[in-house]
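Okay, so here's the structure we're looking at.
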Amino acid sequence: MNFDPGEDQALLKTAVERFVADTYGAAPVETRRMAQAGAAGFGAAHWARLAETGLLGLAVSASGGGLGGGRVEVAVTMEAIGHGLVAEPLLEAAIIPGMLLDAASHAAQQSTVLEGLVAGASIVVLAHAERAARFDLDHVDGAAEASGTDVAIHAGKTAVLVGGGADWLIVSARDASGVTGFWLVPAAAPGVDRRPYRLADGSLAAEVTLRGVVVPAGNRLAVDTAHFTAVIAMARLAACAEMLGLMTRLFETTLDYVKTRRQFGQPLGSFQVIQHRMTDAYVLIEQARSHLLRAALAPDARFARAAAGAKAFIADAAITVAHTAVQMHGGMGITDELLVGHALKRIRVLALVFGDAGSALDDYARAA
Amino acid sequence: MNFDPGEDQALLKTAVERFVADTYGAAPVETRRMAQAGAAGFGAAHWARLAETGLLGLAVSASGGGLGGGRVEVAVTMEAIGHGLVAEPLLEAAIIPGMLLDAASHAAQQSTVLEGLVAGASIVVLAHAERAARFDLDHVDGAAEASGTDVAIHAGKTAVLVGGGADWLIVSARDASGVTGFWLVPAAAPGVDRRPYRLADGSLAAEVTLRGVVVPAGNRLAVDTAHFTAVIAMARLAACAEMLGLMTRLFETTLDYVKTRRQFGQPLGSFQVIQHRMTDAYVLIEQARSHLLRAALAPDARFARAAAGAKAFIADAAITVAHTAVQMHGGMGITDELLVGHALKRIRVLALVFGDAGSALDDYARAA
Amino acid sequence: MDMDFSAADIAFQAEVRAFLAAELPQRLRDGMNGTPSVFVEPDIGLEWQRILHAKGWLAYHWPVAAGGTGWTPVQRYIFEKECALADAPSLSVLGLRLVGPVIAHYGTPDQKARFLSRILTGEDLWCQGYSEPGSGSDLASLKTRAVRDGDRYIVNGSKIWTTHAHYADWMFCLARTDPDVKPQAGISFLLINMRQPGVTIRPIIGMAGDHEVNQVFLDDVEALVENRIGEEGQGWTIAKFLLENERGGSCAAPRLLADLDRLAGLAAVQPDGAGVLADDRDFSRRLARLRLEAEALETTELRILAELAQGRAPGPQTSLTKLVASSLRQHIDELTVECFGLDGLQLVTERPLYGNESPEPIGCKPAQLAMPTYLNSRAWTIFGGSNEVQKNIIAKTVLGL
Amino acid sequence: MDMDFSAADIAFQAEVRAFLAAELPQRLRDGMNGTPSVFVEPDIGLEWQRILHAKGWLAYHWPVAAGGTGWTPVQRYIFEKECALADAPSLSVLGLRLVGPVIAHYGTPDQKARFLSRILTGEDLWCQGYSEPGSGSDLASLKTRAVRDGDRYIVNGSKIWTTHAHYADWMFCLARTDPDVKPQAGISFLLINMRQPGVTIRPIIGMAGDHEVNQVFLDDVEALVENRIGEEGQGWTIAKFLLENERGGSCAAPRLLADLDRLAGLAAVQPDGAGVLADDRDFSRRLARLRLEAEALETTELRILAELAQGRAPGPQTSLTKLVASSLRQHIDELTVECFGLDGLQLVTERPLYGNESPEPIGCKPAQLAMPTYLNSRAWTIFGGSNEVQKNIIAKTVLGL
């Protein structure tokens, strides 16, 4: 039993922290704002640098050209990304599509796309959510009709994360047998109608409508339900880690604020009510960290359930800690000038994607 | 618009408060303990005095020999009863059976029983709840089979409040058409198997099993669903008022305690965390009072819904306030020596009967 | 006991309803509902103000002599409730509710003549110069200095959280005119023309991208002595008058209840697997709990109103309604975000979100409004006395702790 | 990183399990589960103590020289976890965990010889004389006086919240031996024979009717000087040693998780309309949230254990686990009451609730236990440092506020 990072994990952590320090360190809010003003909704130069350090291939196997990181590596990385308020979508445009493509890298075109992803040359994202599904990840109305060696895809996807600037979409749809499959679709293909919009965290999502979009049948990824479940579990773990990083950052900055800010002639932090509220936040963060570790270190058979549980717990805890941070900062907390508001908004997004706290809780309870 | 009690209501309040002061005033906990040691689980002498003041007929019409009190009168009375920590079951053995019998007082025997109730000579209680029903007040498995001019009742009733010492039971069962009816049954009738037990509040409830208990068909009360709904709404209102009285008493005694008790060299009440917790309790009590008034003063058509809402709100609020009182009192709070624990235990019972907070909330939401 | 309005009040209510039905344009209702922040923009607010002014119902917080309506507390409540239910734009409190009554009470005849009617016509927009960076609501620590120079003061300092300073013609400002007496005694209440050199306005953008508040820098700014309200050094007294005037009956619940109705309607059409969100027991119980809290608040507000109607002081119960209403506002806005599922995550920063040129929503319009409304509503428990301060007040003044 | 026990630890775990399966009688398991209060009665506790003593596993908190097991922190955790999962009776902390280590560390050879083995055999039962009426956990304000009189002290004062004083042969007691030095300096640690004139025990009955704690009056009671531990005036130091010794690894989560499993099983058979309570989404979500909190606590405890195993100090994280475990205990016990619907309202005051002569329940046995367990568990957030005190400690020592 050992909760300290291993040597390689510590090196990875250092590498991510160096990236954060070099890019977001001096002025996180301004850096974030400028990065998000980019065409894809994040910083192209930052993305290139992440590619250089190999981090875009974090969850891709070594044979697929990646670092072959497992759960602990994902957790360590994403916590540092969250702590740094990084705008670049490592979760949305590297971990998730990387894992989906990796499983399918036997097909030549898919290997090429995966190479492009790892190299930072192509932005690939998952287009799965549909409005009618709400948070039910199994609910897919999109359909893929076979037509010779091609398929024609009809689907309406919403909240396609980082979809606004994506080159490739991984679109879920039901095949003729009613089985959910995943097809690689060029974002620029005829029949793809993409409407970009901003989410609360400033990222550029998209609504995507596919009206009979034709792709070769070989574009179907070798992703079955079990593999998709594993990807979602990893996505949840990564979201939890990023939320934990954000919570920790919020806590540090708020603790610093209440120690220095004075009101009615004494530091805010000398008021017992403030002390206890900060203590509540501290307890939540420690418990959240325990859940993250639990999910990261669970036996494989229990990972999906542990990740669902961690998501349910950490989503609520992170929102609570963020609300505390806003309230403790008073007027400044509700402005767009401090990292507090940006962290809250990112947490709001992470808390809801891949199942909100309630639906993750139901997944967890069902798996008991 | 006027929230002050009217003249008659003020007189009623004074009368109840005088009863409380004369009986429970000096030593509420000791008085309660001694009263509950009585055969029926409450004080016979107190009951006689309540009969003298007419309060046992509070919710009985004047033509039925009662005070003809309405919702406001019930609320005013029961709040004072709660505030006084009174052990006598005005709600269970006066208001509920009084209203049920009053509707049916055309039948001679029933009139006699009602007279006995109002005079304090007979203890009459409702035997309605069944284990399988949980909190569904419409769920009745008990059956009444016609047999000539008699009926034979088969039913298993639980948590018959004040049933341990009752002379008469009003038993719900389904008739041949499946309609729920209410029959007046002597507690001593052959086939009535009664097992008394104590509830958390020290009162003497009973499990009652009726195995083919034969009573004249004329013992059926003229109580239909609408009337029963009205009685339950009134019972909820009375429970809310009693809980409000208990909460208020808990708050007063706790406020007094934190002002005088010193810890680490200063009064407990000088700690900001204690101040805010007391403030939270104060706000809950004011909001609870508003709900009680809202239900008491609602138009008839909206009364049942308002009473359900008040029950849902006040049940939770009362438990929260009671837990606060226990915690603020420290070690003394968890003993049986202070009124704090007794109030918590009575609140626990009131919060659950006639629908717990959750089921009352569902009733309220459905009626929207 | 009863919770009913008198016949006269019911007649008044009918009059208000008829007026609103006839005179409140749909465009303004849409503007109100399409505003995710606390204050409506002047394009909406001023038009509504002109309509009310024409009717003579605008200055209902002012003395009759100054153009007030002479309404009873119950009438004021009814008016505000019906306006809320009709989605009438909120009125700017700065001129109408805050500085207007101050000028009407403490102003010279000349000051009244110069300022009051221009507040009603909307010719002058006002902002408030109370809070300063680093001082929060702790007025005694005020640092802005005003130095007498003949018939004027030269003012230097900085004010923060100044709502709509970027629209304002005038600021009513607390400034220290005497640094040598005890902190409360050396403060004066000055009216400062915002359209002059030395006034610099730095926008403070909220989390949702809204521009409501500002920091205002005053560098050698001129305030004429004739524009000082009351005596020199009387600022503290006037500030207290203003704060007390801000109190009185609260009418928050009607709008909260209307928003809950709206939310219930939206949940009834939100897809959720095979059914709709409203069928989800967890969601419907949470909604019902919020409704119960709001209904209790409505009755609490009526209880305070009944006290006022009988000429009794409402007392610190206003801290209670502020506390409950603020938390409720936030919980409703949170549940509204949740109602829309993933659509609730969208956040546009273009403004306004009403009118023909407003951006197209993802999903429906209310979904587009949900996130900015939620983010802005974090302010409710902070401004106007934070929840923590309200609890301190109750503990001290009501509980005697 | 890993959360796994070593092979040696897994072997130890198997050994503990085998021992429990073979040696822990069902009667004791039933006694433990049938006890609604915090401490088990001696009839149950002492039998289990004898079994453990025979195995040599009783004094696992003591130094090896005094009869301890020499277990690592991980072994201690495994032992406690397996005992909790097997429903083993809780061991009395007073002799084994509190005064035993104190005597082993500070006692003279004679004191060790006279007291230690009698703790293990159960011949002597102990109680703790720390808290006093009016002083709570504020030891510096201690009022009990011990006046030296030759080879003995005459002790006068009163102690409160004295667990199982009515069974105790001895009390370890803090008393003021020198009133003229600063408050912490004049305190001594005395062992007092409870079977002597002048010792009066007043039972304090809990809300559920349980008799666990007492007030103890000491009127001219004798404490031999040879029964003073450490030097005169060293009481404060010894008290701190005892408190620190009480800390260390926490193992609360396994029992909480087991209780949640039990609760889930009970909800699966509780009728609720047409179905069972476990199908109710609101109930199942509440249960799942408690389970998540308990699982997090389990991992937090393992994280502390990993620190201890590496020889690092666990630090004030023990305040954190106390805080979380206490609240969780209460929430589980509340939900358990609710699980049983109206049956959850029953409250018998007869004791014990296990064994052949225990009263028949209404519904099932767990329903009978629910209310007294819930009422008694209100003590968790009060004794051993209230939640408020734990938060003060964390704020000060961890957050630096």
Side-chain angles (χ1 to χ4, degrees), chain A residues 129-136 138-139 157-161 195-203 205-207 261-265 268 271 273-274 277 319 322-323 326-338 340-342 344-345 348-353 356-359 361-362, chain C residues 131 133-138 140-141 160-161 204-210 213 270-274 276-277 280 282-283 286 330 334 337-338 340-350 359-363 368 370-372 374-383 386-389 391-392:
Chain A
E130 299 179 8
R131 183 163 290 109
R134 198 166 167 87
F135 297 114
D136 181 355
D138 298 332
H139 181 118
K157 299 293 181 180
T158 191
V160 177
L161 304 178
R195 186 169 153 221
Y197 67 100
R198 295 277 174 180
L199 297 185
D201 61 358
S203 69
E207 281 235 301
R261 168 82 178 182
R262 298 177 72 83
Q263 198 161 40
F264 303 111
L268 266 186
F271 291 97
V273 159
I274 307 284
R277 191 139 179 204
I319 289 172
H323 283 173
V326 169
Q327 183 73 18
M328 296 297 98
H329 275 84
M332 285 310 297
I334 59 161
T335 71
D336 219 33
E337 297 180 5
L338 301 187
V340 173
H342 294 272
L344 167 62
K345 290 187 284 185
R348 273 279 161 194
V349 172
L350 290 169
L352 224 59
V353 294
D356 71 338
S359 65
L361 191 66
D362 293 342
Chain C
S131 292
S135 81
S137 48
D138 182 8
S141 69
I160 199 166
W161 313 126
I204 301 179
I205 306 301
M207 278 194 283
D210 290 280
V213 295
Q270 274 297 309
D272 182 20
V276 293
L277 181 60
D280 180 289
D282 207 42
F283 186 90
R286 287 170 68 197
Q330 293 183 340
E334 271 191 89
V337 166
E338 288 184 44
F340 295 108
L342 293 166
D343 286 345
L345 292 178
Q346 65 188 299
L347 178 61
V348 280
T349 48
E350 295 94 329
E360 274 295 304
I362 300 294
Q368 186 184 52
M371 180 59 72
Y374 153 74
L375 291 171
N376 284 320
S377 89
R378 300 317 301 172
W380 283 100
T381 52
I382 294 172
F383 287 126
S386 69
N387 268 18
E388 290 79 12
V389 167
K391 289 187 184 181
N392 288 345

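Treat the numbers as computed from the prediction; the structure is a model and nothing was measured.
Ranked by heavy-atom pairs under 4.5 Å with chain C, the list A/V349, A/V353, A/T158, A/I319 is led by A/V349. Interface remark: of the candidates C/L345, C/T381, C/D272, C/L345 forms the most heavy-atom pairs closer than 4.5 Å to chain A. Of the listed residues (C/M371, C/E338, C/Q330, C/E334), the one with the most heavy-atom contacts under 4.5 Å to chain A is C/E334. Comparing C/I204, C/N387, C/V213, C/V348 by how many heavy-atom pairs each has under 4.5 Å with chain A, the most go to C/I204. Heavy-atom pairs under 4.5 Å with chain C were tallied for A/L352, A/D136, A/I274; the largest tally goes to A/L352. Among A/I334, A/V326, A/D201, the residue with the largest count of heavy-atom pairs under 4.5 Å with chain C is A/I334. Ranked by non-hydrogen atom pairs under 4.5 Å with chain A, the options C/L277, C/D210, C/V337, C/T349 are led by C/L277. Chain C forms more heavy-atom pairs under 4.5 Å with one residue of A/H139, A/E337, A/H329 than with any other, namely A/E337. Taking chain C as the reference chain and counting heavy-atom pairs below 4.5 Å, the highest number among A/R198, A/R348, A/K345, A/H342 is found for A/R348.
With a 4.5 Å cut-off on side-chain heavy atoms, A/L199 and A/L161 count as touching. Inter-residue side-chain proximity for C/Q368 and C/D343 is flagged as unmet; no heavy-atom pair is nearer than 4.5 Å.
The two residues A/G333 and A/L338 come nearest to each other via the heavy atoms N-CD1, 4.4 Å. Nearest heavy-atom pair, C/I382 versus A/G331, reported as atom, atom and distance to 0.1 Å: CG2-N, 3.5 Å.
Using modelled atom types and a 3.5 Å distance limit, the side chains of A/D356 and A/S359 yield a donor-acceptor pair.
A salt bridge does not link C/E360 to A/R195: none of the charged nitrogens lies less than 4.0 Å from a carboxylate oxygen.
Interface residue C/F340: only backbone heavy atoms are found under 4.5 Å from chain A. Only the side chain of A/L344 comes within less than 4.5 Å of a heavy atom of chain C; its backbone N, CA, C and O stay farther away. Of the two parts of A/E207, only the side chain, counted from C-beta on, holds a non-hydrogen atom closer than 4.5 Å to a non-hydrogen atom of chain C.
One finds the CD atom of C/Q270 at 12.0 Å from the CG atom of C/D280 (value rounded to the nearest 0.5 Å).
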Exercise. Under the side-chain contact (heavy atoms from CB on, under 4.5 Å) criterion, do C/N392 and A/V273 qualify, and how do the steps go?
Worked result: CA-CA 10 Å; C/N392 288 345; A/V273 159; 5.9 Å; no
